[in-house]
S.K.: 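Structure incoming, see below.
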Amino acid sequence: MTAGTLRRVTNAVLTAGAWLVPGDERRRWRAQWHADVWHRIDALERAGLITAPTARALLSRTLGALWHAGWLRLRGGGGHMFLHDLRHAARGLVGRPGFTAIAVVTLALGIGANSVIFSWIDATLLNPLPGIADPRSLVALYGTERARNNISLSYPNFVDLREATIPGVRSVAAFSAGALGVRTDDDTERVWGAVVSGNLFETLGVGAALGRVFTPDDDRVPGGHPVAVLTHSAWQRRYGGRPDIVGTKLVIKDQPFTIIGVTPRGFHGPQALIGLDLFIPAAMLGSLVPADRHTARGSSWMTALVRLAPNASMSEAQAGLDVVARRLAATYPEANRDRGLRLFPLWRQPSGGTAQLLPVMAVLGGVVAVLLALVCANMAGLLLARASGRRRELAVRVSLGASRGQVVRLLVAETTLLAVVAGALAAVVTVWSGNLLYAFIPPLPIPIAIDAGLNVRVLLFSSAVSLAAGLLLGLLPGLQASRADLVTPLKDGAAMGGSARRGRLRQSLIVAQVALALVMLVSAGLFLRTLVVADRVDLGFAARQGLVGVIDLGSATLEPARGIERYRTVTAALSALPGVEAVALGQRLPLTSLESSDRTVTVEGYTPAPGDEMTTYYASIGQGYFDALKLPLVEGRDISARDATDAPLVVIVNTTMARRFWPGRSAIGGRVKIGERWAEVIGVARDAKYASLSEPATPFMYLPVDQAYRTSMRVFLRTSGDPEALVPAVRQTLARVAPGVPLFDVQTLAQHLAFSFFLLEMAATLLAVFGAVAALLAALGLYGVIAQSVTARTREIGVRLSLGATAADVGRLVAQQGLSLAAVGIVLGLAGAAAVTRLFEHQLLGVSPLDPLAFAGMTALLVLTAGVACAVPAWRAARLDPVRALRVD
Amino acid sequence: MSSTALSFGTVAVLHAVASGYRFGFDIVDVTGLTAGSVYPALDRLEDLGFVRASWERAEIAQADGRPARRYVELTASGAAALAEALKKHRTFQAVSLDAFGIRAPQPARRKS
């Protein structure tokens, strides 16, 4: 922040605060604060000390000026006046319960929707890691390579970073979360945990509720620290909160670990959105996976977090990391050539659930903001109508000596009171809405942890929104009412519809409501269309019915040869089950979110251009994978028994990868270097969706499990009948042919796929609800204006009728007035929607942001709604008795 | 008005003024109180006649190219009120009175 910006911001605060100060003190207050703030900024600037923390401190001190202003107001007797106004406003509102109820409910809808979505955004993006110290100085670190920016770190690279002294960085910690098989007395339980660097807890600022957490000393000797830390929730859930937990042992893959501590309640680990149960030191990785992950610089598997140095900004730290990245690239060109390091705020992490949630939350946030604007326009219309009705009361007040300021204050007191009551109602809704979020999440094999609901930040946000809405709503009609000639209504005693200016204001508010409602409806329509289309999105594979599970061979010490044998036995036995059409074994299945493995590859005869992405996702698979999933091979052959462990390495690539690296010719026979060894391409498979429905075509390769061994694999059974009915038989078969090998995370294919759809479903559902509310509010607003105008024009209508106009003429006259307003709103709304929907084009899975069906359908819906809203008052006008109408005062 | 009406925060502000801190921001810095309590406290002390507020001379401010600031000074009655208040708020005694030449009261006469 520059001194100039700081001056402008503080000045704005002081200008706003001056309103609060009583007139006789205002000049003094303003000059005093202006000079003091000015002086401080000057001093900071001269010392070169304008940083984010000092700017924040100064800003919070400037906000103290508002307290000072409020204090002056109360001391000046304003407190008494304010209380008086409030009491008066409360009496006025209680006296009109109908108006008050409608106003409170309408406002509560707008404020509530905003608080709820804000609480979700807060829990998922702004504060995704509850329980850590000073979240603002914790950022995520990823590797970059050409176009990619979401690469994990390899262990050796992490160690170099941890040991380096980097300006702006206090510490670098890393972890890798995943499912672990924890042995209980007679069974193996699947538990979500993480291997973490010894300095992780120190970096997060998380201590122990019981025992102790890891220190760097617990992570020095590979294989030498068999210790574990539990989260509070795991301690309660799995161990009943027994107090003697520290010192007990648990067994993961034959390796006993001693529990040394429990983290405090609320902390759910270093991974956003996922509730972990236990942590073990990274040095113990070797006892979990047989791979060379501790030493392979090309194997990226750790997620890194950086704690910034006190008062350091992210850009300072980034500059420091750029230097380290260049050094790493120069020292280890084989693995780190073209690699960079990049910091991200936690909410913008490029991988994991955050990356998928961010666009959805952004759309929801935008929509509720629009809804609030619409609610405010609706309320303003209501208040203007009420102000017209109250002109006589206000005129009396003015003629009795009330100043314009006093009238405005009274109106502001009323709307603020309304907004505060509505805000309280909204807070109640928010408390309950944390569970609403969970209602959208399908059953998942991943423990989702989202701590949404009411907290201090959410409460502050809703209070601010409520107060702003209340002030704004009170000031607008207040100024209008006080500006208008307030004496006229006293003189002629007329209750005509108010000045032309006020009429115009109300009309433009209606136009705005219709336009905003249409924008929201069209957005909802586009998401609903996407949901329909999504069922037909080409997932790349044709299997539609089946069972998905994970089998875990457990022991990392099991020899690969015996493990491969075991996989073969299991596959054969499961294939023999009645009702099973085919069995596939794969490290991952299509649309397995939140898990990925990738490697940097070298392709023989292909020279990467700058910006070319050479990191490719891959999965180990068993024989028959493509057949079981009905994922066709377009060229070459499937892996077979001859691609054994000691045979030459082979790989199957997908169409995108084949086209990229072997353009215009066959990929078969091409060679790819994976790690240290070359593999020959023997087949090309059709593209599939690997992680999410909205992903672009991604290069992908399949390696035979015999040559790329894994201790844990997903198993997919394509079934002919009800997949769920097969579960007992599958478990029995496993127990028979592979005793001790557990089956985890059993889901039907439909459940497996549901995860990819749930964000879309959530967005579509919420948008549809908000859109309906918006349309309803706009219709009510339209109805209100037309109905009131009919009342105001009663005498005119009487004259028309007695001069020979038919009931139909009158009805048409009234309806025309309403529909022409709606038409203007619809035209503006269409233009607005066309401009806005582009923003979430990527979420629409191929549905055009200008989809004619969504635009036309929603426009028709709104026209219909507007028609009903106009028809009622038009009908009433047509039925007026001309004699009575003429007699109306 | 009797000094017994002074709150702890107000006494802290008065103490800071007596120690030679004359500008609002400096008093915020040195007391650790929030600006939202220091400024009202200063106004109140001024109402009570315990401090006297003045504006910097315009020429001085203009020479520096900045707006003139308001500053406060301890008055005689302020010093007396502070001495009285410090008997009550004994936390201050360890650090306080030498700074403006009033001898610390004896920590005798415990009330409880």
Side-chain angles (χ1 to χ4, degrees), chain A residues 3-4 6-11 13-18 20-22 24-47 49-50 53-79, chain B residues 1 5-14 16-17 19-75:
Chain A
L6 204 50
R7 282 210 175 94
R8 271 192 299 279
V9 173
T10 48
N11 244 330
V13 172
L14 295 179
T15 308
L20 263 176
V21 184
D24 50 338
E25 306 246 37
R26 193 169 295 150
R27 189 189 289 264
R28 188 270 291 182
W29 177 88
R30 185 71 211 264
Q32 181 179 9
W33 275 97
H34 178 68
D36 284 1
V37 170
W38 208 100
H39 188 79
R40 176 56 55 98
I41 295 176
D42 207 38
L44 287 175
E45 193 181 13
R46 267 183 229 180
L49 276 176
I50 298 193
T54 58
R56 262 201 301 276
L58 180 63
L59 207 58
S60 92
R61 191 171 288 190
T62 311
L63 291 178
L66 302 184
W67 282 107
H68 187 201
W71 181 82
L72 288 170
R73 162 64 67 186
L74 292 174
R75 184 182 67 160
Chain B
M1 187 182 277
L6 293 184
S7 71
F8 186 83
T10 312
V11 175
V13 171
L14 189 57
V17 174
S19 313
Y21 296 96
R22 314 202 304 168
F23 296 101
F25 268 42
D26 295 342
I27 298 170
V28 173
D29 288 338
V30 75
T31 57
L33 297 169
T34 62
S37 42
V38 166
Y39 281 76
L42 284 174
D43 286 353
R44 193 162 130 69
L45 290 170
E46 193 185 346
D47 287 350
L48 293 169
F50 292 166
V51 302
R52 188 172 38 240
S54 341
W55 291 90
E56 278 179 318
R57 296 231 322 275
E59 309 88 78
I60 297 175
Q62 269 161 20
D64 279 0
R66 59 177 172 78
R69 288 186 295 164
R70 201 165 187 259
Y71 66 90
V72 290
E73 291 166 301
L74 192 67
T75 62

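Below, chain A is the first sequence line, B the second, and so on; all start at residue 1. Predicted model, so just to flag it, every value in this text is computed and none were measured.
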S.K.: Inspect the surroundings of CZ in A:R27 and state if more than 12 heavy atoms from other residues, nucleotides or ligands are less than 6.0 Å away.
M.R.: no

S.K.: Does a sphere of radius 6.0 Å around OH in B:Y21 hold more than 12 heavy atoms from other residues, nucleotides or ligands, not counting ones at 6.0 Å or beyond?
M.R.: no

S.K.: So what's closer than 4.5 Å to chain B heavy atoms on A:A65: side chain, backbone, both or neither?
M.R.: neither

S.K.: Within this structure, what is the OH-CG distance for the pair B:Y71 and A:D36, rounded to the nearest 0.5 Å?
M.R.: 13.5 Å

S.K.: Select one option (side chain, backbone, both, neither) describing which atoms of A:W29 are under 4.5 Å from chain B's heavy atoms.
M.R.: neither

S.K.: Does A:W67 CH2 have over 12 foreign heavy atoms under 6.0 Å away?
M.R.: no

S.K.: For a side-chain contact (heavy atoms from CB on, under 4.5 Å) check, start with the C-alpha distance between B:D29 and A:R40, then their side-chain angles and the critical distance, and finish with the verdict.
M.R.: CA-CA 11 Å; B:D29 288 338; A:R40 176 56 55 98; 2.6 Å; yes

S.K.: Give the interface residues of residues 30-38 of chain B toward chain A, defined by a heavy-atom separation under 4.5 Å.
M.R.: B:A35, B:G36

S.K.: Any idea which of B:R66, B:R69, B:E56 has the most non-hydrogen atom pairs under 4.5 angstrom with chain A?
M.R.: B:R69

S.K.: Under 4.5 Å heavy-atom distance to chain B, tell me which part of A:I41 shows up: side chain, backbone, both or neither.
M.R.: neither

S.K.: For a quick test of reading the model, state the closest non-hydrogen atom pair linking B:P67 to A:A35 and the distance between them.
M.R.: CG-CA, 3.7 Å

S.K.: Quick one: closest heavy-atom pair of A:R28 and B:W55, and the distance?
M.R.: O-CH2, 3.9 Å

S.K.: So which residue, A:E25, A:Q32, A:H39, ends up with the most heavy-atom pairs under 4.5 Å with chain B?
M.R.: A:H39

